[in-house]
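Okay, structure first, notes after.
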Amino acid sequence: MSVNSIVEELRKNIAAFEKQTETEEIGSVVEVGDNIARVGGLIKCQANEMLEFPGGTFGVALNLEEETVGVVLLGESRHIKEGDTVKRTGRILSVPVGENLIGRVVNPLGQTIDGGAEIHSEKFYPIEKIAAGVMKRERVSQPVQTGIKAIDSMIPIGRGQRELIIGDRQTGKTAIAIDTIINQKGKDMICVYVAIGQKQSKVARIVAKLKETGAMDYTIVVSASASDPASLLYIAPYAGVAMAEYFMDQGKDVLCVYDDLSKQAWAYREVSLLLRRPPGREAYPGDVFYLHSRLLERACRRNQEAGGGSITALPIIETQAGDVTAYIPTNVISITDGQIFLESDLFYRGIRPALNVGISVSRVGSDAQVKPMKKVAGKIKLGMAQFRELEAFAQFASDLDPETKKQIDLGQRLVEILKQPQYEPMPIANQVAIIYAVTNGLANDVEVKNIQAWEKKFHNFMNASKQTLLEKISNGEWNEDVVKELKEAVEEFKKQ
């Protein structure tokens, strides 16, 4: 190559050269401790922006003050010291979303903690997002069947609803949520289970049960365990709902369980007090209501113009000695569309699920039930309400008039058939069949103590020889012919 051609090539390269400059806004750590850092020099920092600290640790800017930024650290912070450099990322706190998260256990930052391969996602959703407006929503009218007789018959849940599960510690709140997830098999619904402040052993047991029942095939588990920093417990439910919103944007239905929001409120209180925000009632910050309302408002059923899809939320709240009038329980009750109240006394008496029918309510009601259940559920609600009023007189059964005795007998039978073992959700057709049989007096000749054994045999009979009838009920058919066929099936079983 000649000298002239080399010179010409160099000239071309110099002419094409563009000087690129990159600017990074950096600050420095003024103070650090208890997983909270105060950073100076970040003038243009945004609320909820991710900031990068040395050692690959990230933090979220929560307090934007005049001279410093209050940052909550999302991970190990012992190596961070005063004077360390902090970089702005320009990114609002986001989590990876997508199909490859299904079947995995991740932390609130979307990093895998199940020992499997790392998740590489091209899409990220911000954890904080304004909920869909009223004009984008549709009324709740499609059921989310839990497989639990007491709930599907008396406190139905619909797609897009927010139904609170509330009760004392160890009364079966998580059991209801897990049964509901297991019951979604084959119902075209993605499930997101968010474990907040749970023991890792408990989360491992739940994941093992979901795998055993095949439910992990459509479930994402987000875990911020009791040993994690309060910052991760605080963002966990938002990370879960962001992952759910990705599927809702595809027009799919999603079920979100937050287990439990009491622990999230405690974590947020801890973070707020460390950031020196002024404490209010019970030392919670003034915006603790907004903490839960902006999370639960994101659960809705979108109309077709807005792309369809829904998020159904099952938040869990733990009460102390059954006190539903405490600060956090009353806050969440006022945000949700009803509550399932579990009572310790019923739990210890062996009535499980320990559902208090008097306080529990669904504000969607029979709109979220299939027609056969709607038709048979009216009698069970009435029967249980009358029984609760007369229960105190049950011990004087011999002195009661025939009508009162009849109501008490029906109530006792209903209590027995509404008992259900954990991890055994029941198909809706079988629920309708047994409720119809008991509420219409077709099991009156069975002793109360034998009613559960009778029920088990009845279901085996129906599953073995009346599959066509069960399919009709599952498909929502309910007319004179179906009722006649069901009555004949019960009579045939009794003869056997």
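Between Lys472 and Glu485 there is a salt bridge, with a side-chain nitrogen of the basic residue lying less than 4.0 Å from a carboxylate oxygen of the acidic one. A salt bridge does not link Lys123 with Glu99: none of the charged nitrogens is closer than 4.0 Å to a carboxylate oxygen. Between Lys371 and Glu477 no salt bridge is recorded (no basic side-chain N to carboxylate O distance below 4.0 Å). Looking at Glu128 and Arg294, a side-chain N of the basic residue comes within less than 4.0 Å of a carboxylate O on the acidic one, giving a salt bridge. Between Lys263 and Asp260 there is a salt bridge, with a side-chain nitrogen of the basic residue lying less than 4.0 Å from a carboxylate oxygen of the acidic one.
To the nearest 0.5 Å, atoms CD1 (Ile351) and CG (Leu346) are separated by 5.0 Å. The distance from the CD1 atom of Ile435 to the NZ atom of Lys375 is 15.5 Å, given to the nearest 0.5 Å. Going from atom CG of Asp287 over to atom NE2 of His292 covers 11.0 Å, rounded to the nearest 0.5 Å. Within the model, atoms CD of Gln407 and CE of Met384 stand 13.0 Å from one another, a figure rounded to the nearest 0.5 Å. To the nearest 0.5 Å, atoms CD (Glu403) and CD1 (Ile408) are separated by 11.0 Å. Rounding to the nearest 0.5 angstrom, the gap separating the CD1 atom in Ile359 from the CD atom in Glu343 is 6.5 Å.
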From CA spacing to verdict: side-chain contact (heavy atoms from CB on, under 4.5 Å), Tyr268, Glu270: CA-CA 5 Å; Tyr268 186 59; Glu270 185 182 323; over 6 Å; no
Worked verdict on Gln161 versus Asp337 for side-chain hydrogen bond (donor to acceptor under 3.5 Å, both in side chains): CA-CA 6 Å; Gln161 191 176 344; Asp337 309 310; 5.2 Å; no
Chi angles and distances behind the side-chain contact (heavy atoms from CB on, under 4.5 Å) call for Leu418, Ile380: CA-CA 10 Å; Leu418 293 179; Ile380 200 170; 3.8 Å; yes
side-chain contact (heavy atoms from CB on, under 4.5 Å) between Val254 and Met189, worked out: CA-CA 5 Å; Val254 192; Met189 188 175 254; 5.7 Å; no
Verdict with reasoning, Glu212 to Lys209, per salt bridge (charged side-chain N to carboxylate O under 4.0 Å, His left out): CA-CA 5 Å; Glu212 186 191 313; Lys209 195 72 202 178; 3.2 Å; yes
Full working for side-chain contact (heavy atoms from CB on, under 4.5 Å) between Thr439 and Leu414: CA-CA 8 Å; Thr439 52; Leu414 291 175; 3.9 Å; yes
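Ser360 places no side-chain N or O within 3.5 Å of a backbone atom of Val357 that could act as its donor or acceptor partner. Side chain of Gln184 to main chain of Cys191: no donor-acceptor pair is present (N/O by atom type, distance under 3.5 Å, no hydrogens or angles). With hydrogens and angles ignored, the 3.5 Å screen pairs no side-chain donor or acceptor of Asn48 with any backbone N or O of Ile92. Here the side chain of Ser310 pairs no donor or acceptor atom with the backbone of Cys300 at under 3.5 angstrom. One N or O on the side chain of Gln198 and one on the backbone of Asp259 form a donor-acceptor pair closer than 3.5 Å. For the pair Asn183 (side chain) and Asp179 (backbone), a donor-acceptor distance under 3.5 Å is absent. Formation of a donor-acceptor pair under 3.5 Å by the Tyr246 side chain with backbone atoms of Tyr125 is not found in this model. One N or O on the side chain of Thr171 and one on the backbone of Asp168 form a donor-acceptor pair closer than 3.5 Å. Listed for the Arg298 side chain is no donor-acceptor partner under 3.5 Å among the backbone atoms of Ile311. Not one N or O on the side chain of Ser94 forms a donor-acceptor pair closer than 3.5 Å with the backbone of Phe124.
Around atom NZ of Lys129, more than 12 heavy atoms belonging to other residues, nucleotides or ligands sit under 6.0 Å away. Atom CD of Glu282 sits in a crowded spot, with more than 12 heavy atoms from other residues, nucleotides or ligands closer than 6.0 Å. Other residues, nucleotides and ligands contribute at most 12 non-hydrogen atoms within 6.0 Å of the OH atom of Tyr290. Heavy-atom contacts from other residues, nucleotides or ligands closer than 6.0 Å to NZ of Lys187 number more than 12. For CZ of Arg363, the number of neighbouring non-hydrogen atoms (other residues, nucleotides, ligands) closer than 6.0 Å is greater than 12. Residue Lys381 qualifies as enclosed at atom NZ: its count of foreign heavy atoms under 6.0 Å is above 12. At most 12 non-hydrogen atoms from other residues, nucleotides or ligands lie less than 6.0 angstrom from CG of Asp188.
Side chains of Ser227 and Ser225: a donor-acceptor N/O pair is present below 3.5 angstrom, by distance only. No donor-acceptor contact under 3.5 angstrom links the side chains of Asn440 and Lys487, judged on distance only. Asn463 and Asn430 share a donor-acceptor pair across their side chains, judged by distance under 3.5 Å alone. Looking at Arg301 and Ser141, their side chains do bring a donor and an acceptor atom within 3.5 Å of each other. No donor-acceptor contact under 3.5 angstrom links the side chains of Thr112 and Asp114, judged on distance only. Arg137 and Asn303 are not linked by any side-chain donor-acceptor pair at a separation below 3.5 angstrom, with hydrogens and angles left out of the test.
Closest non-hydrogen pair, Ile102 versus Met216, comes out as CG2-O, 4.2 Å. Residue Gln420 comes nearest to Met426 through the heavy atom pair NE2-N, 3.6 Å, listed as atom of the first residue, atom of the second, then distance. Closest heavy-atom contact between Tyr284 and Ala265: CE2-O, 3.6 Å. Scanning all heavy atoms of the two residues, the minimum distance from Lys149 to Ser153 falls at O-OG, 2.6 Å. For the residue pair Phe347 and Gly172, the shortest heavy atom distance occurs at CE1-N, 4.3 Å. Of all heavy-atom pairs between Met462 and Ala489, the closest is SD-CB, 4.0 Å.
Using a 4.5 Å cut-off on side-chain heavy atoms (C-beta onward), Leu296 and Leu164 make no contact. Annotation: side chain of Leu342 is not in contact with side chain of Ile166 (no heavy-atom distance under 4.5 Å). Contact check for Ile340 versus Glu163: side-chain heavy atoms found under the 4.5 Å cut-off.
The residue from Ile127, Val95, Ile235 that alone fulfils the side chain to side chain contact (heavy atoms under 4.5 Å, CB included) condition with Leu109 is Ile235.
Ring geometry for Tyr234 against Tyr238 counts as perpendicular: the plane angle is over 60°, on a 0 to 90° scale with 30° as the lower cut. The aromatic rings of Phe493 and Phe461 are tilted relative to each other, their planes meeting at an angle between 30° and 60°.
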